[in-house]
Peer 1: 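Questions regarding the structure given below will be posed in turn.
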Amino acid sequence: MIELKSLKEDEIYELWEKSGYFNPDNLPRKNRKPYTIIMPPPNANGALHLGHALGIAIEDAFIRFYRLMGRKALWVPGADHAGFETQVVFEKKLEKEGRNRFDIPREELWREMYAFTQENRKTMENQLRKLGASCDWSRKKFTLDEDIIRETQRSFVELHKQGLIYRGSRLVNWCPKHQTAFSELEVKYVERVDPLYYVKYGPLSVATARPETIFGDTGLAVNPKDKRYQDYIGKDIEFDGLLGKVKLPVVADESVDPDFGTGVVKVTPAHDMTDFETGLKHDLPAKSVIDRYGKMNEFTGPYKGMKVAEARAAVVVDLEKAGRIEKIDENYRHSVATCYKCGSLIEPAILPQWYVKMKPLAAKGLEAVKSGKIKFVTEHFEKIYIHWLENIHDWNISRQIVWGIRIPAWFCAKCGEAVVSEKIPERCPKCNGSILEQDPDVLDTWFSSGQWPFLALGFPKSRDFKTYYPTDLMETGYDLVFFWVSRMIMLGLWRTKKPPFRNVYFHGMVRDKDRQKMSKSKGNVIDPLGVAEIYGADAVRMALIVGNTPGLDPVVSEDKIRAYRNFATKIRNAAKFVLTYIEPDSKIKPRFSKKDLDNLRELKIFKKEIERDIENFRLHEASNKLYHYFWHVFADKIIEESKPRLKENKDAADKAAAGETLLRMLRELIKMLHPFMPFTTEEVYQSLPDKKQTCLMAESWN
RNA sequence: GGGCGAUUAGCUCAGCUGGUUAGAGCGUCACAUUGACAUUGUGAAGGUCACAGGUUCAAGUCCUGUAUCGCCCACCA
C-alpha cells in the first residue's frame, strides 16, 4: 500500500526549477541532439491572456515531449518591448494621470516606460510559471537588452551598406493622433459610405470623395484608351479655382478606370497613395495642403487651420457657389484607411523615412518555403505567405515615437547628410561638419523582433547560437504571418544565411462558446490565470489543446475547462487506487496472465501512435486519444477488470501480476500525458515506487 | 476584385495517408452507486457528415460545381 502524496502546483513548479532541468545543459544523458523553441516574447505591457496560454500550452507540450524523447530541449523565454503597442498602452496610463507624452522629455519618458515594462515582465514571468512553462529562465531575454539593441543596430548598418536600407521621402501612412508613421500592415481599411462629389475642372469634370484636397491637385489623369478624352492628353487645362487661376496638365495613365465616375481623376500626389505613384510616373509635383495634425495648411487660403472634415464641408459650399458641383452621389461605398489602434483616419503625408528594400530579401524568403526548408503547419498558410511575399512593398521602419531602438543614423546640421554608423560619427564625411544629430526616430518593433530567433540565442558568437540554431519550431498565432513570421524568415536568412526555424506551427484566435472573439469590451474574456486558479493549470491547458486543430480558431469555455479538471481528478484517483495494491517490498513473483501481457503490448502500440501524432503536430489528436484511453480503457475497463484479482484473491502471484500490470501502465500513461498535463502527472510520479529521476521530465519516453 | 478557411449529434468541435456499426466535451433520458472518483459507472436517445454531380470495389475523407458563414489581401479616385 502506497499513499498518493498531494502536491500543490506551486510546489511542483519549485521542484522543477530546483532540478535545473529546464536548462538542457543540466539534463542527464549528454551528447544529444538539440530541440529548440524560441518563445514568442509576450508584450511587456500587460497581463497574459488566453491566447498566450494557448501558445504556451502548445510550446510546452512539444518541449516536454522532446525532452522525454531524449533531446536537449531548450525553450528560450523572453519579453518584447513592443514599441508602438506599449507606447499606446502607456499613453492611456498617462492620460488617466492627466499627463501627455508630448510634454514629457524623451529621456524621462523612456525611463518611466522602461520601469513599466520591467514590472510587467515580472508579472508575466510568474504567470508563465503558473501555467507550468518549462522554459529555461537562465536564458531569458528582453528585446531591449543591450546586446539585442547593439545587434539590431548593426543589422541596420549592414543592410544600409548593402543598399538594402535607404532613406526616401515618400508618402507615408500617418496617424494624426499618434503622430507617427506606419507600415502598410498597421493600416486598417474600413468600409464607409460617403458622398462622391462631381466637380467641374474647366471643360472636364472629376469625381472625388475628398474635395478639400483640391488645393493639392497637380494634374488630371485619364485612361489612355478612353476615347472621350484623347484630345486633352498632354495638354493643360485652365480654369478659375477657389483661390484663383488654376492650370493642370492632363496625363494618360493605365490605372484610371474609365467606368468610374467621369473617367477623369484629379491627381493629388501629397494626399493619396495612388496619386503619389501617378505623380512619380508623370513627373507631377507633390503639394501638401494638410499638416501633420490633420489641419489645412498655409496653401489653402481661408481654409487654413480647419480640420479636414470642416474644410471638406466649407469647400463643397464654396464650390457649389462657384457653380462647380455637377452632382453629388450620396451613397458612395468605399474603404478608407484608418489607424489600426485608434481608428483615426490615416492622413497620408510626405516624410523622409528609412525603408527596407524588400524584393531581394523576399526572394530568399520565398525560396526557403517553396523548397520545403521551412514548413508551415498547416500548409495552407504557405500560400498566404507566398502571395504576400510575391507582392511585397518596401518596408517603412521609421517610427516617430520614443519607445524603441534608436535608428543608428545621424544628420549633419550643416549639409543635411545622413550618416549611418554603429558609433556616433565625429565628422560628416561629406562636408566635414562637426554637428551631427541622431535621427529622433526609432525602429519599427518588428524590425528587431524579426531578428529574434538568432538574437535571443546570442548571435553571432555565442555557443548557444552555434548549438541551438536553426531552431526547430516557431509557434505563434496566424495573425502574425506577415508581421512577424515572414520578417523573421527574411531577416534570419539574410543575417545568418540559415532559416531561423524548420517548422512554423500556427494556432488560431481563441473564441468564446458563441464563437465571439474575446475582448474586454465584450466582457467575454477568460483570464487564464483565474481559471487555472480554480480548475488547475492542467485543465486549462487541456481545454486549449484537445480538439484544437492548428490554424483554426479554438472555442474555449469554462465547461470545457471543467471537463478536464474532472479528468485530472480521474487521473489522481486511478493512481490512488493502483498504488493501494502495490507492496513495494513484496517478494512475490507476479504471474502475468495473457490479458495482462496483451494490455501491456497494446499500450506500447498506442504509445507509438501518440508519438507519431505529436511528431506530426497533431497535439489535438494525441491529447484526445490519451484522454479517451486513460479514462475509458485504462480506468473503466482494465482497472475494473482487475478488481476481483486485487481484492480477496488467494492466488498471490496472480494478485501481484494484476497490481504490477496496472502500475506499469500507469507509469507509461503519466509519462505520455506529461506534455499535456505536467502538474498532475508529476504529482503522481512523485508517489511512484522506484522512480528513477527526481522529476518526471528527466525520464525517458521509451 | 482576388485568395483562404469552415459547413459532421441540441450546442462547441475532432475525424491523420479514402477501408469494419462516424467520435469527444457540454446538454438530455433511464438505472446504479458509502465506490479509487471535488461524483462516478452502466446503458439509451440524437447525425440523408451543407447541396449537386463525378472518381473508386469502397468517400465525411479525393475531384468539379453551387450555396451559406467567416477571415485575409488589394493603389474602389
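First the proteins, then the strands, lettered A, B, ... as listed; each starts at 1. The figures here come from the full heavy-atom set of this structure, side chains too, leaving out hydrogens, waters and symmetry mates.
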Peer 1: Is NZ or CZ of A/Arg192 both nearer than 6.0 Å to the six-membered ring centre of A/Tyr332 and within 45° of the ring axis?
Peer 2: no
Peer 1: Expressed as a whole number of Å, how far does the C1' atom of B/U17 sit from that of B/G2?
Peer 2: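 Per the computed distance, 32 Å lies between those C1' atoms.
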Peer 1: Tell me which nucleotide among B/A36, B/G5, B/C73 gets nearest to the side chain of A/Lys383.
Peer 2: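 The answer is B/G5, which lies nearest to the side chain.
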Peer 1: Expressed in angstrom and rounded to an integer, what is the separation of A/Ile2 atom CD1 from B/A36 atom P?
Peer 2: 17 Å
Peer 1: Donor-acceptor pair, distance only, cut-off 3.5 Å: does the side chain of A/Asp553 make one with the backbone of A/Met509?
Peer 2: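 Yes.
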Peer 1: Which residue lies toward the 5' end of RNA chain B, A/Gly263 or A/Lys647, if each is placed at its nearest nucleotide?
Peer 2: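 Residue closer to the 5' terminus by nearest nucleotide: A/Lys647.
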Peer 1: Just to verify, which of A/Lys608, A/His620, A/Lys625 counts as forming a side chain to side chain donor-acceptor pair (under 3.5 Å) with A/Asp613?
Peer 2: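 Among A/Lys608, A/His620, A/Lys625, the one that satisfies the side chain to side chain donor-acceptor pair (under 3.5 Å) with A/Asp613 is A/Lys625.
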Peer 1: Donor-acceptor pair, A/Thr262 side chain versus A/Ser205 backbone, under 3.5 Å?
Peer 2: yes
Peer 1: From the options B/C4, B/C73, B/U40, select the nucleotide whose nearest atom is closest to the side chain of A/Trp631.
Peer 2: B/U40
Peer 1: Would you check if the side chain of A/Gln353 reaches a backbone N or O of A/Gly168 as a donor-acceptor pair within less than 3.5 Å?
Peer 2: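 No, A/Gln353 side chain to A/Gly168 backbone: no donor-acceptor pair under 3.5 Å.
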Peer 1: Which whole number of Å gives the distance between the P atom of B/G15 and that of B/A24?
Peer 2: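 Result for the P pair: 15 Å, nearest Å.
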Peer 1: Send over the distance from A/Ile392 CD1 to B/C73 P, rounded to a whole Å.
Peer 2: 13 Å
Peer 1: Cut-off 3.5 Å, side chains only: do A/His334 and A/Asp194 have a donor facing an acceptor?
Peer 2: yes
Peer 1: For B/A52 versus B/U40, give the span between their C1' atoms, rounded off to a whole number of Å.
Peer 2: 47 Å
Peer 1: How does RNA chain B read in dot-bracket, base by base from 5' to 3', with Watson-Crick or G-U pairs under 3.5 Å and | used when the partner is on another strand?
Peer 2: (((((((..((((.....[...)))).(((((.......))))).....(((((..]....))))))))))))....
Peer 1: Between A/Lys595 and A/Thr661, is there a side-chain donor-acceptor contact under 3.5 Å, judged purely by atom types and distance?
Peer 2: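 A/Lys595 and A/Thr661 do not have a side-chain donor-acceptor pair below 3.5 Å.
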Peer 1: Taking only the C1' atom of each, what is the distance from B/U66 to B/G19 in whole angstrom?
Peer 2: 29 Å
Peer 1: The side chain of A/His334 is closest to which nucleotide in this list: B/C76, B/C4, B/C73?
Peer 2: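 Of the options given, the side chain of A/His334 lies nearest B/C76.
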Peer 1: Remember a base hit wins even if backbone is also touched, and classify A/Val206 as base, sugar-phosphate or nothing at under 4.0 Å, heavy atoms.
Peer 2: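 The residue A/Val206 makes no contact with any strand.
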Peer 1: Have a look at A/Val555 and say if it touches a base, only the backbone sugar-phosphate, or nothing, with a 4.0 Å heavy-atom cut-off.
Peer 2: sugar-phosphate
Peer 1: Looking at B/C73, B/A77, B/G41, which one has an atom nearest to any side-chain atom of A/Asp257?
Peer 2: B/A77
Peer 1: If the P atom of B/C76 is compared with that of B/A6, how far apart are they to the nearest Å?
Peer 2: 29 Å
Peer 1: Nearest whole angstrom, please: distance from the P of B/G3 to the CD1 of A/Ile386.
Peer 2: 15 Å
Peer 1: Which nucleotide sits closest to the side chain of A/Lys570: B/A77, B/U40, B/A38?
Peer 2: B/U40
Peer 1: What is the nucleic acid contact for A/Tyr332, judged by heavy atoms within less than 4.0 Å: base, sugar-phosphate only, or nothing?
Peer 2: sugar-phosphate
Peer 1: Counting just side-chain N and O atoms, does A/Asn391 come under 4.0 Å of either OP1 or OP2 of B/A74?
Peer 2: no
Peer 1: What string of B, S and - do you get for nucleotides 14-25 of chain B, 5' to 3', when a contact is any protein heavy atom under 4.0 Å?
Peer 2: SSB--------S
Peer 1: Using a cut-off of 4.0 Å on non-hydrogen atoms, how would the nucleic acid contact of A/Ala543 be classed: base, sugar-phosphate, or nothing?
Peer 2: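 Answer is nothing: A/Ala543 stays at 4.0 Å or more from every strand.
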Peer 1: Look at all strands and tell whether A/Thr580 reaches a base, only sugar-phosphate, or nothing, counting heavy atoms closer than 4.0 Å.
Peer 2: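 Result for A/Thr580 = nothing.
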Peer 1: Quote, to the nearest angstrom, the C1' distance that separates B/U64 from B/U56.
Peer 2: 16 Å
Peer 1: Kindly state whether the ring of A/Tyr564 and the ring of A/Tyr627 have centres lying under 6.0 angstrom apart.
Peer 2: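 Yes, they do, as the ring centres are separated by less than 6.0 Å.
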Peer 1: Side chains of A/Thr680 and A/Glu683: do they bring a donor and an acceptor to under 3.5 Å?
Peer 2: no
Peer 1: C1' atom, B/U28 versus B/A67: distance in rounded Å?
Peer 2: 32 Å
Peer 1: Of A/Arg511 and A/Asp272, whose nearest nucleotide on RNA chain B comes first from the 5' end?
Peer 2: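 Per heavy-atom nearest nucleotide, the more 5' residue is A/Arg511.
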Peer 1: Within 45° of the axis and under 6.0 Å from the centre of the six-membered ring of A/Phe634, does NZ or CZ of A/Lys570 qualify?
Peer 2: no
Peer 1: Using a cut-off of 6.0 Å, state whether more than 12 heavy atoms not belonging to A/Lys691 lie near its atom NZ.
Peer 2: yes
Peer 1: If you look at every strand shown and take non-hydrogen atoms under 4.0 Å, does A/Arg333 touch a base, only sugar-phosphate, or nothing?
Peer 2: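 The answer is base, as A/Arg333 lies within the cut-off (heavy atoms under 4.0 Å) of a base atom.
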Peer 1: Base, sugar-phosphate or nothing for A/Phe482? Non-hydrogen atoms, less than 4.0 Å.
Peer 2: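 Touches sugar-phosphate only.
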